[in-house]
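Here is the structure we will look at.
In what follows, chains carry the letters A, B, and so on, assigned in the order in which the sequence lines appear, proteins first and then strands, with residues in each chain numbered from 1. Reckoned from all heavy atoms, side chains included, excluding hydrogens, waters and symmetry mates.
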2 protein chains.
Amino acid sequence: MNQHASHKPDYEKELRRAGVRITRPRKVILRILTETDDHPDAMEIFQRASAVDSSISLSTVYRTMKLLEEMGAIHRHAFEGGRARFEQADGDHHDHLIDIDTGDVIEFHSNRIEELQEEIARALGYDIVHHRLELYGRKRRRT
Amino acid sequence: MNQHASHKPDYEKELRRAGVRITRPRKVILRILTETDDHPDAMEIFQRASAVDSSISLSTVYRTMKLLEEMGAIHRHAFEGGRARFEQADGDHHDHLIDIDTGDVIEFHSNRIEELQEEIARALGYDIVHHRLELYGRKRRRT
DNA sequence: GTTTTTATTGCAAACGATTTGCAATTGCAT
DNA sequence: ATGCAATTGCAAATCGTTTGCAATAAAAAC
Ligand SMILES: [Mn+2]
Ligand SMILES: [Mn+2]
Ligand SMILES: [Zn+2]
Ligand SMILES: [Zn+2]
């Protein structure tokens, strides 16, 4: 039994509820998503899926990601540079620090920053619908 | 004499110093940039430039923007959705609130947020090279 | 001012990520 | 098992941006 078993989201159930069919490609993609904890892009998901079933197409990966995104099951991030990256949407809100040398993504959260963002928007007469806070940095070198 | 004459950046001088030629297309594009205070995209700049000299091409707009960006004279922002948007780099650092209904861009700055970002990065063992803070919101409706 | 040397241009074609039309296939309700 | 709508893979299209190339024009050299 997995340590975090109770946290595993049941995408299949969610999909059924949304009235879409549980196909073989979708099953494979969903499993990849639940089994990964990083922020893969469509091509990475495609390659991992191909390893399981080589008939799965990149189009289907993109279509499935869009579907899951619209269902709110995953988040899509457009970090700097190339492709969009995805992650499961079940956890709490967080922002990202991207290592510009390695591409590694580190998650963080600051209640204080979130509050300040709200204050700023309010002062400007706006309600925040969503936001994007990304720090691009480099590992500090020991001096 | 313009109220803000002293703040107008002399791009032509900067370009000369960078060893590039002051061509007619570049002159037109530079004037458009200095005369605008919003965040136009390449197509908007192209259209404004076309009105002055219909022979200017979109390629040249893109090439000029890249040149200015590399010189540090302008900033390029990849807000959500379509095209990249540009702005003069002379002012102080600020972040952006984007009106998701109109596309309007409102600038703001929070020293407190900037400090907190630094603290977070430091705690994670990183130095921030640059960051991106964008609030996407909607005008608050009077109740 | 004229010639020479190069950088710069416009154009069309290439690009990379993502989306889409379509005919063939499949899930699933009957 | 049957029927039909949802889904698929494929190739082609899309969108913003970049690039190769031959023609042009800026600045340097005369
Ligand atoms: Mn994340
Ligand atoms: Mn700005
Ligand atoms: Zn946040
Ligand atoms: Zn900032």
Expressed in angstrom and rounded to an integer, what is the separation of [X] atom [atom1] from [N] atom [atom2]?
{"X": "B:I22", "N": "D:dA28", "atom1": "CD1", "atom2": "C1'", "result": "15 Å"}
{"X": "B:M65", "N": "D:dG16", "atom1": "CE", "atom2": "C1'", "result": "15 Å"}
{"X": "A:R83", "N": "C:dC15", "atom1": "CZ", "atom2": "P", "result": "16 Å"}
{"X": "A:M43", "N": "C:dT19", "atom1": "CE", "atom2": "P", "result": "13 Å"}
{"X": "A:K27", "N": "C:dG27", "atom1": "NZ", "atom2": "C1'", "result": "10 Å"}
{"X": "B:E80", "N": "C:dA17", "atom1": "CD", "atom2": "C1'", "result": "17 Å"}
{"X": "A:E69", "N": "C:dT18", "atom1": "CD", "atom2": "P", "result": "11 Å"}
{"X": "A:E44", "N": "C:dA17", "atom1": "CD", "atom2": "P", "result": "12 Å"}

Report task. List the steps and the verdict of salt bridge (Lys or Arg N to Asp or Glu O under 4.0 Å) for A:E115 and A:R112. Result -> CA-CA 5 Å; A:E115 289 168 5; A:R112 195 74 197 93; 2.7 Å; yes
Query raised in the report: Taking for each residue the nucleotide of DNA chain D with the nearest heavy atom, is it B:T23 or B:L58 whose nucleotide lies nearer the 5' end?
Result: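 Of the two residues, B:L58 wins.
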Query raised in the report: Starting at the 5' end of DNA chain D and moving along, which residue's nearest nucleotide shows up first, B:Y62 or B:V20?
Result: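 Checking each residue's closest nucleotide, the 5'-ward one belongs to B:Y62.
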**Report entry** Value rounded to 0.5 Å, distance of CD1 in B:I120 from CD in B:E118
**Finding:**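 Taking CD1 in B:I120 and CD in B:E118, the distance rounds to 10.0 Å.
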Query raised in the report: With the threshold set at 4.0 Å, does a side-chain nitrogen-carboxylate oxygen contact exist between A:E35 and A:R31?
Result: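 So A:E35 pairs with A:R31 through a salt bridge.
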Report task. Just call it for A:S59: base, sugar-phosphate, or nothing, with non-hydrogen atoms closer than 4.0 Å on any strand. Result ->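 Base contact.
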Requested in this report: Remember a base hit wins even if backbone is also touched, and classify A:R63 as base, sugar-phosphate or nothing at under 4.0 Å, heavy atoms.
Outcome: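 Counting heavy atoms under 4.0 Å across all strands, the contact made by A:R63 includes a base.
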Query raised in the report: Reckon A:K66 has a side-chain N or O less than 4.0 Å from the OP1 or OP2 of C:dT18?
Result: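 No, outside the criterion.
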**Report entry** Nearest-neighbour nucleotide for the A:P25 side chain, C:dT9, D:dT18, D:dG9 considered
**Finding:**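 Out of C:dT9, D:dT18, D:dG9, the nucleotide with an atom closest to A:P25's side chain is D:dG9.
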Report task. Start with the C-alpha gap between A:H94 and A:H75, add the side-chain angles, then the distance that decides, and say whether ring-ring contact (aromatic ring centres under 6.0 Å, His included) holds. Result -> CA-CA 11 Å; A:H94 57 262; A:H75 289 319; 8.0 Å; no
Query raised in the report: Quick one: does A:R21 reach the base of D:dA5 with a side-chain donor-acceptor pair under 3.5 Å?
Result: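 Present.
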Query raised in the report: Is there a chain of hydrophobic side chains (I, L, V, M, F, W, Y, each step under 4.5 Å between heavy atoms) that links B:L133 to B:I98?
Result: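 No, it is not one cluster - the side chains of B:L133 and B:I98 are not joined through contacts under 4.5 Å.
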